[in-house]
Structures are given as structure tokens and as C-alpha cells.
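Worksheet: one structure, shown below.
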Amino acid sequence: MDILLKEINSLRCGFIGTPLTDADIDLFQKELSESGFNTLPEIVITFLKHYNGFLLENRCFWGINTNEHYTNDILGENAIAQNPQPNNLLLLGSTETTYIGWFKSTNNYSMIDKNDFMVLHNFNNFQNAVRYILKIDD
């Protein structure tokens, strides 16, 4: 994870969210669970403690909006997307045509078509999924 954080620090992102506290994350995990979604995996929590989401051109990794406005917020965006598998799939970000999501059942990160939710590409870990969105090592 440290290598990924250094790579992100070297980019000029259009927007990087304010890092989160443990209390913010605990409250959000409760909101996710109460809304019928999976809670965040530990690696995503670690990431959000450094970068509470980012927006770079048309690529976005959603964060947690602590002031209850759900634009580019993981919970709000999952509701808008009408996630068909809320008990297994948690959407974490998007590009123009795809979502990036985490499948709890397989602990797998994937690029998913926005129209039909078909998996287009799997990543062997979270860091590679974020690199793909940011076009690091293209």
C-alpha cells in the first residue's frame, strides 16, 4: 500500500478528499450495514484514511461524505447505481462506462460495465484496481 500512496502523491489529481478518522469510518460502516450493503474491506479503510476519494478527469474513486451529502459517496452512489447485488458487491468508484467494485464472496476487485453489471476485468488486489483507474503504469 505504501508504494501506491507514493504513486498517488506524485499525481496531480483534480480532487482528493480529506482523510477520514476512525470515528468517521465506524459511523459509515454502520450506515452501510443498516442500508443492506457490505461493510468496507480493511484495505479500502486504510486507503480512505489517506485519501477519502479522488477525482481525476473522468475517473473517480468514491469516498465517504461525512456531511450527509451523497455525491461521490460510496453509499449514495451504490443506491443511485441500483446495485443488483448489495449483499455481495460494493461499488467503490467509476469511469465513464464502468464501475470498480469489490465482491465480498471472492474478495475480488473488478471493473464492471455500468449498463449490465457484467464483469469486464478482475484485479488480483485493491492496489492494482486503483492503479488501473488512475492509469498508473499504463
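Keep in mind it's a predicted model, so treat the numbers as computed, not measured.
- Taking both residues in full, the closest heavy atoms of L55 and C60 are given as CD1-CB, 4.0 Å, listed atom of the first, atom of the second, then distance.
- Rounded to the nearest 0.5 Å, atoms CG (L92) and CD1 (I133) are 8.0 Å apart.
- When atom types are taken as modelled, the side chain of K114 and the backbone of A81 share no donor-acceptor pair closer than 3.5 angstrom.
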Report task. Give the C-alpha distance, both sets of side-chain angles, the deciding distance and a yes or no for side chain to side chain contact (heavy atoms under 4.5 Å, CB included) between Y109 and I43. Result -> CA-CA 11 Å; Y109 296 87; I43 191 79; 3.1 Å; yes

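- Ring geometry, Y99 versus W62: the interplanar angle exceeds 60°, so the pair is classed perpendicular (tilted spans 30 to 60°).
- In this structure, L75 CG and E34 CD are separated by 10.0 Å, a value rounded to the nearest 0.5 Å.
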Requested in this report: Tell me, with the steps shown, if K30 and D26 meet side chain to side chain contact (heavy atoms under 4.5 Å, CB included).
Outcome: CA-CA 6 Å; K30 183 179 175 186; D26 291 344; over 6 Å; no

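- Side-chain N or O atoms of D24 include one that pairs as donor or acceptor with a backbone N or O of T21 at under 3.5 Å.
- Although no hydrogens or angles enter the test, the distance criterion places a donor-acceptor pair under 3.5 Å between the side chain of N83 and the main chain of L89.
- The two residues F37 and A79 make their nearest non-hydrogen contact at CZ-N, 4.4 Å.
- N38 places a side-chain N or O within 3.5 Å of a backbone atom of N87 that can act as its donor or acceptor partner.
- Checked by atom type and distance alone, the side chain of N78 pairs as donor or acceptor with a backbone atom of L91 at under 3.5 Å.
- For an aromatic pair to be called close, the ring centres must be under 6.0 Å apart, and Y51 with F61 fails this.
- Taking CG of D113 as the start and CE of M118 as the end, the distance is 6.5 Å to the nearest 0.5 Å.
- Distance CZ/F126 to OG1/T46: 9.0 Å, rounded to 0.5 Å.
- For the atom pair D22 CG and Q29 CD, the distance stands at 11.0 Å (nearest 0.5 Å).
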Requested in this report: Apply the test side chain to side chain contact (heavy atoms under 4.5 Å, CB included) to residues L20 and F28: give CA-CA distance (whole Å), side-chain angles for both, the deciding distance (0.1 Å), then the verdict.
Outcome: CA-CA 11 Å; L20 296 170; F28 188 73; over 6 Å; no

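- No side-chain donor-acceptor contact under 3.5 Å links E77 to the backbone of G93.
- The structure places CD1 of I45 at 8.0 Å from CD1 of I64, a figure rounded to the nearest 0.5 Å.
- Taking all atoms of both residues into account, the shortest heavy-atom contact from G53 to L48 is N-CD2, 4.0 Å.
- If you chain together hydrophobic residues whose side chains sit under 4.5 Å apart, L90 and V119 fall into the same group.
- Between F123 and N108, the shortest heavy-atom distance links the atoms O-OD1, 3.0 Å.
- Considering every non-hydrogen atom in both M111 and T98, the closest pair reads CE-OG1, 2.8 Å.
- The backbone N or O of N65 lies less than 3.5 Å from a partner atom in the side chain of D73, making a donor-acceptor pair.
- Remark: the backbone N or O of S105 is paired with a side-chain donor or acceptor of N88 at under 3.5 angstrom.
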